[in-house]
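Written below as structure tokens is the structure these notes are about.
One-based numbering along the sequence shown.
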Amino acid sequence: MTVDRPTGDELVTILAALANPLRVRIVATLAGGRDYVSHLAREIGVSRPLLHMHLQRLESAGLVVGSLELSDDGKAMKYYEITDFDLRLTAAALAEAARTLTAPDPEKGPASKESP
């Protein structure tokens with residue numbers, strides 16, 4: 001997936017996924033090439049369950065993709081790699097994305113059920 005003109009909702013999801021320093025480190029590490037979970041956890045210095053949680057968030061945002069493969073000895077190994085994304089944040093890109101937002105604006109509070 002190439003993310004160069006995400007919708008407003010996609011952009012919010014992507015930015016939320018990247019708003020965590022550990023997830024930025026995961027993306028940076030995977031930028032060097034695909035890796036399997038156990039090795040990636042050792043490289044970054046986190047537990048596999050914690051890594052899985054962050055990888056799921058990145059995968060949901062479309063920034064990484066995982067695939068299950070069998071090793072030579074028949075062991076199942078989950079590999080992750082970066083997707084093909086190119087995200088450029090400019091004021092114009094944010095304005096364009098904002099026009100497609102479907103989520104309510106949290107600053108305005110919950111939508112009123114009464115008509116004016």
Compare every heavy atom of A61 with every heavy atom of A17, then report the nearest pair and how far apart it is. CB-CB, 3.7 Å
Is there a chain of hydrophobic side chains (I, L, V, M, F, W, Y, each step under 4.5 Å between heavy atoms) that links Y80 to L50? yes
What's the spacing between S60 OG and L55 CG if we round to 0.5 Å? 10.5 Å
Look up atom CG in L51 and atom NZ in K78, then write down how far apart they are to the nearest 0.5 Å. 11.5 Å
If you measure from CD on E10 to CZ on R5, what distance do you get to the nearest 0.5 Å? 13.0 Å
Which heavy atom of P6 sits nearest to which heavy atom of L87, and what is that distance? CG-CD1, 4.0 Å
Which atom of L40 lies closest to which atom of I26, heavy atoms considered: CD2-CG2, 4.4 Å
Over all atoms of both residues, closest heavy-atom pair of G62 and T83: O-OG1, 2.7 Å
Check residues 63-73 and write down every donor-acceptor pair under 3.5 Å in which the side-chain atom is one partner and the other belongs to a residue at least two apart or another chain.
residue, atom, partner, partner atom, Å
S67, OG, E69, OE2, 3.4
E69, OE1, R34, NH2, 3.3
E69, OE2, R34, NH2, 2.3
S71, OG, D73, OD1, 2.2
S71, OG, K75, N, 3.1
S71, OG, K75, O, 3.3
D73, OD1, K75, N, 3.4

Measuring from L94:CG to L89:CG, what's the distance to the nearest 0.5 Å? 5.5 Å
Looking at every non-hydrogen atom in both residues, tell me the closest pair between L22 and N20 and how far apart they are. N-OD1, 2.8 Å
Taking all non-hydrogen atoms of both residues, which atom of Y36 and which atom of Y79 are closest, and how far apart? N-CD2, 3.7 Å
Measure the shortest side-chain to side-chain distance between M77 and V37 over non-hydrogen atoms and say whether it is less than 4.5 angstrom. no
Hey, does the side chain of D9 reach the backbone of T102 with a donor-acceptor pair shorter than 3.5 angstrom? yes
Calculate, to the nearest 0.5 Å, the distance between atoms CG and CE belonging to L58 and M53 respectively. 10.0 Å
Qualifying salt bridge (Lys or Arg N to Asp or Glu O under 4.0 Å) pairs with a residue from residues 45-64, counting only residues at least two apart or across chains: none
